[in-house]
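Below is one structure, written out as structure tokens; comments come after it.
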Amino acid sequence: MSRIQTRFAQLHADNRRALIPFITAGDPNPEVTVALMHALVAGGADVIELGVPFSDPMADGPVIQRASERALKHGVTLGNVLDMVAEFRRDNSETPVILMGYLNPIEVMGYERFAMAGRSAGVDGALIVDMPPEEAGDFAELLRAHDMDQVFLLAPTTSDVRIKRICSTASGFIYYVSLKGVTGSDQLDLEDVAAHVAQIRACTQLPVGVGFGIKDADMAARVAAFSDAVVVGSALVERIAACGDEPERMTATASAFMQDLRTAMDAA
Amino acid sequence: MSANPTAVANTGAPVLPDALGHFGIYGGRFVSETLMGPLEELQQAYERYLKDPDFHAELDYELKHFVGRPSPLYHAKRWSEKLGGAQIYLKREDLNHTGAHKVNNTVGQALLAYRMGKKRVIAETGAGQHGVASATIAARYGMECVVYMGSEDVKRQSINVYRMRLLGAEVVPVEAGSKTLKDALNEAMRDWVTNVDTTFYIIGTVAGPHPYPAMVRDFQAVIGRETREQSLEQFGRLPDVLVACVGGGSNAIGMFHPFLQDEGVRIIGVEAGGEGVASGHHAAPLAAGRPGVLHGNRTYLMEDENGQIIDTHSISAGLDYPGVGPEHAWLKDSGRAEYVTADDDEALAAFHTLTRTEGIMPALETAHALAHAAKLAPTMDRDQVIVVNLSGRGDKDIHTVAAREGIRF
């Protein structure tokens, strides 16, 4: 079993939902990223989504755009991000790490090279925002051959036919984008989200995670009530960005925020 | 004379793009899942109205009475004489309402938006020409209009910003990234994904996810179709060479597309060489970039060795874009079209020459095409013909030209 499968199976057995924090690798500087990842796990994160910075993050709101810009000021590359994962893996062999980003840096590295480098670094999956199944070709198979999953998004605008088609080829878990908008938006309609998650569940046995616009413990708990995983990105990145240049404050803040979310989700 | 994507099919050549929007390895639909449904809806609507005679009748009416088409094909006799070689003809898109070719496309997309029941349109703009054309057509149809424009471009093109506001559009300066056209496009995409139920995104060039590159091409192809007819009328045959400037590449593809099957017609796109391709400060992805994925399609890009998009430079805001329409990428690889560059100084020189010699002040974008024509014409015979797409007029650029020459108003 892959790390992702193992983790979700164990959560399922414990009747708990996965907490998936998102941070951008290299934000606010490359030195703090691995420490932040460990702090997130210490605070109760089950899976880590690590953003690969990109110059033109079309699907992201201002918070994650700025995170990308900060990381790129330090010249952070996809290769650097893979090194960070490898470093994280020296002390953590259990927590799944999923890279989230845009296609172009992977195009430049080359799909085959990315798959090999990803596996050897200990990456468990890739969520490539601007690579829908139609454009993925056999990329998902290539990743699977290297023990990684390509995580696909489903959205409020995804038709029934598409939901079925994407579910039939997906692996790892399904990521449901909870609103029409960019990351960090402010317009979550929980009833609508719950209905969509139910519809997706009817099509797949895979865990269904929900992200975009989940800002606090209360909302995380409410989403955890009907999903398998809660993704929190902008709200976390914003808290870390407010910590100035103090790495200890960043890790403490990240960890404390995870504990808040964890407590609320486990009580739900 | 309206959009007809089957024109190529009649010649037996492959119809591009394919059903998923690919021109060879280029094009496609590289967007987040949220936009896949809306793009499918747009494609279906577009395909439906392409077959709808009422749509075509209205489009033709608007192009004739609102835009002022057909635009003249003008023999630049004095300039040709001065250059001492081929005869240069100018396709006068600068005479269109709003002063550039951009309006051909905004009229088409606005008619589509109207039929799709979208009451709000958004657009990105660089030089402001597409923003003005979008604001104009929104005023014409009583639609709400929001235009995204990089804050650098807002400074460079203050007159066009004011024009858009006079037309009732909201102009939103974009502070992200390099604060130019590419960032405006990112921001427009973010607006669209957020307001997709009510909003139609009028993309201004032949880039973006499928069906935009094909749709914008079809709306702009009126340029090339008219040029064909006018060439036969005026000099009894097709031109020897077509020249057009290429940023995203909509005026160029509009001119080129109806001639792609005519092997005797040489096709040349001119990118912005900026301070010279060797300097690295340019906007010439076809000349000096490599294939990658940006803004929903695979195409030639200006990027660093890690796949980050790099800042571009051109004296003309409208060419200051790190990508190019995917069909141009395909035409380059297939060898059907040639792509060259003209740098800032060459474009400025051509701007002045045409203004003084023919009494036509071209846009700085267009001046890049003119600069190449000026190089090419003397190498050709006097009975040969070059058609340059005079894609826009230069009034919007007089501040840039003046500043370059140290003149302050």
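Within every chain, numbering begins at 1; the chains are lettered A, B, ... in the order of the sequence lines, protein sequences first and strands thereafter.
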Inset, instruction - Inspect the surroundings of NE2 in A:H74 and state if more than 12 heavy atoms from other residues, nucleotides or ligands are less than 6.0 Å away. - result: yes

Legend entry - Largest heavy-atom contact set with chain B, pairs under 4.5 Å, which of A:R66, A:E134, A:E107: A:E107

Inset, instruction - Go through B:L20, B:I310, B:D183, B:N306 and name the one with the most non-hydrogen pairs under 4.5 angstrom from chain A. - result: B:N306

Legend entry - A:R162 versus chain B, the contacting section by heavy-atom distance below 4.5 Å: side chain

Legend entry - Pair B:Y26 + B:Y300: ring centers closer than 6.0 Å: yes

Legend entry - Toward chain B, the part of A:L153 with a non-hydrogen atom under 4.5 Å: both

Inset, instruction - Sort B:D197 into side chain, backbone, both or neither according to what part of it lies under 4.5 angstrom from a heavy atom of chain A. - result: side chain

Inset, instruction - State, to 0.1 Å, how close B:G27 and B:P326 come at their nearest heavy-atom pair, and which atoms those are. - result: N-CB, 3.2 Å

Legend entry - Proximal component of B:I309, with respect to chain A [non-hydrogen, under 4.5 Å]: both

Legend entry - Non-hydrogen atoms of B:G208 and B:I203 that approach each other most closely: CA-CD1, 4.3 Å

Inset, instruction - Please look at A:I166 and chain B and tell me whether the side chain, the backbone, both or neither of the residue comes under 4.5 angstrom of a heavy atom of that chain. - result: side chain

Legend entry - Minimal non-hydrogen separation, B:A272 against B:H282, with atom names: O-CB, 3.6 Å

Inset, instruction - Report, by ascending residue number, the residues of residues 194-209 of chain A in heavy-atom contact with chain B at a distance under 4.5 Å; give 'none' if the set is empty. - result: none

Legend entry - Pair B:H295 + B:Y212: ring centers closer than 6.0 Å: no

Inset, instruction - Among B:P291, B:S32, B:S178, B:G177, single out the residue with the greatest number of heavy-atom pairs under 4.5 Å to chain A. - result: B:S32

Inset, instruction - Kindly assign one of parallel, tilted or perpendicular to the pair A:F114 and A:F139, based on the angle between their ring planes and the thresholds 30° and 60°. - result: parallel

Legend entry - Side chain, backbone, both or neither of A:S185 within contact of chain B (heavy atoms, under 4.5 Å): neither

Legend entry - Carboxylate-amine/guanidinium contact A:E141 A:R144, below 4.0 Å: no

Inset, instruction - Take atom OH of B:Y114 as the centre, draw a 6.0 Å sphere, and report whether it contains more than 12 heavy atoms from other residues, nucleotides or ligands. - result: no

Inset, instruction - Name the member of B:E187, B:R290, B:E41 that forms the most heavy-atom pairs with chain A at distances under 4.5 Å. - result: B:R290

Inset, instruction - Please collect all side-chain hydrogen bond (donor to acceptor under 3.5 Å, both in side chains) contacts where either partner lies in residues 50-60 of chain A, sequence neighbours excluded, each pair once. - result: A:D56-B:K182, A:D56-B:N186, A:D60-A:Y102, A:D60-A:T183

Inset, instruction - Flag the one option from A:D130, A:V182, A:L78, A:L72 with the top tally of heavy-atom pairs under 4.5 Å to chain B. - result: A:D130

Legend entry - Toward chain A, the part of B:L301 with a non-hydrogen atom under 4.5 Å: side chain

Legend entry - N/O donor-acceptor pair under 3.5 Å between A:T158 side chain and A:L154 backbone: no

Legend entry - Heavy-atom donor-acceptor pair, B:K118 side chain to B:V196 backbone, under 3.5 Å: yes

Legend entry - Heavy-atom contact with chain B under 4.5 Å, split by part of A:P53: backbone

Legend entry - Under 4.5 Å from a heavy atom of chain B, the part of A:I106 involved: neither

Legend entry - Heavy-atom closest contact (B:S151 atom, B:E175 atom, distance): OG-OE1, 3.1 Å

Legend entry - Interface moiety of A:V177 toward chain B, non-hydrogen atoms closer than 4.5 Å: side chain

Inset, instruction - Considering non-hydrogen atoms only, spot the tightest contact between B:P38 and A:T157 and give its length. - result: CD-CB, 4.0 Å

Legend entry - Among the listed options A:M58, A:E69, A:Q65, A:M131, the residue most often paired with chain B at heavy-atom distances under 4.5 Å: A:M58

Inset, instruction - Measure B:E40 against the heavy atoms of chain A and call it side chain, backbone, both or neither at under 4.5 Å. - result: neither

